[in-house]
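Structure first, then comments.
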Amino acid sequence: MSEPVIAATEPFAVDVKEGKSYWWCACGQSAKQPFCDGSHKDTDFEPLEYKASKDRTVYFCGCKQTSKNPMCDGTHSKL
Ligand code: FES
Ligand code: FES
C-alpha cells in the first residue's frame, strides 16, 4: 500500500447535514479537499463514506494520517 499525499496539515471544518453522505478523500490527491474528486483512480486508495447523523460541524482530516478516518484525530500536529 502506498502512502497518501498530505493534502493539508490541518483539518477541514464542514457543516454537514443530517442524512447526507460525504465521500472523504483518502488518497490526498483530490483538488476538492477534503472530498473525493475521482483522482484516486490510479492509486491503491478508495474514498470513505461519512454519513451525517445530525446537522453539525465536523473536522475532516486533511493530512490523511489520522487513525480515526475520516475525522481529524490531531495527528497533523506531529507532521
Ligand atoms: Fe482521493 Fe478519491 S480523490 S480518494
Ligand atoms: Fe489529519 Fe488532523 S488533519 S489528523
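Note that ligands are numbered from 1 as they come in the structure, with each ligand's atoms numbered from 1 the same way.
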>> Hydrophobic clustering (ILVMFWY, side-chain heavy atoms < 4.5 Å, transitive) - are V16 and W24 grouped together?
In response: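 Yes, W24 connects to V16 through the hydrophobic network.
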
> When hydrophobic residues are tied together by side-chain contacts of less than 4.5 Å, even through go-betweens, does I6 share a cluster with F60?
Replying inline: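 Not linked; separate clusters.
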
> Which protein atoms of type N, O or S are found under 2.8 Å from atom 1 (Fe) of ligand 1?
Replying inline: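 Protein N, O or S atoms closer than 2.8 Å to atom 1 (Fe) of ligand 1: C25 SG, C27 SG.
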
Is any side-chain heavy atom of [Y] closer than 4.5 Å to one of [X]?
X	Y	answer
C63	T9	no
Y22	E49	no
K64	Q33	yes
F35	D37	no
V5	F45	no

> At distances under 2.8 Å, what protein N, O or S atoms surround atom 1 (Fe) of ligand 2?
Replying inline: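 Those protein N, O or S atoms (cut-off: under 2.8 Å from atom 1 (Fe) of ligand 2) are C61 SG, C63 SG.
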
> For F12, does the CZ atom have more than 12 heavy-atom neighbours from other residues, nucleotides or ligands under 6.0 Å away?
Replying inline: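 Correct, the count exceeds 12.
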
> Is it true that a side-chain atom of Q29 and a backbone atom of C27 form a donor plus acceptor pair closer than 3.5 Å?
Replying inline: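 Not a single qualifying donor-acceptor pair exists.
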
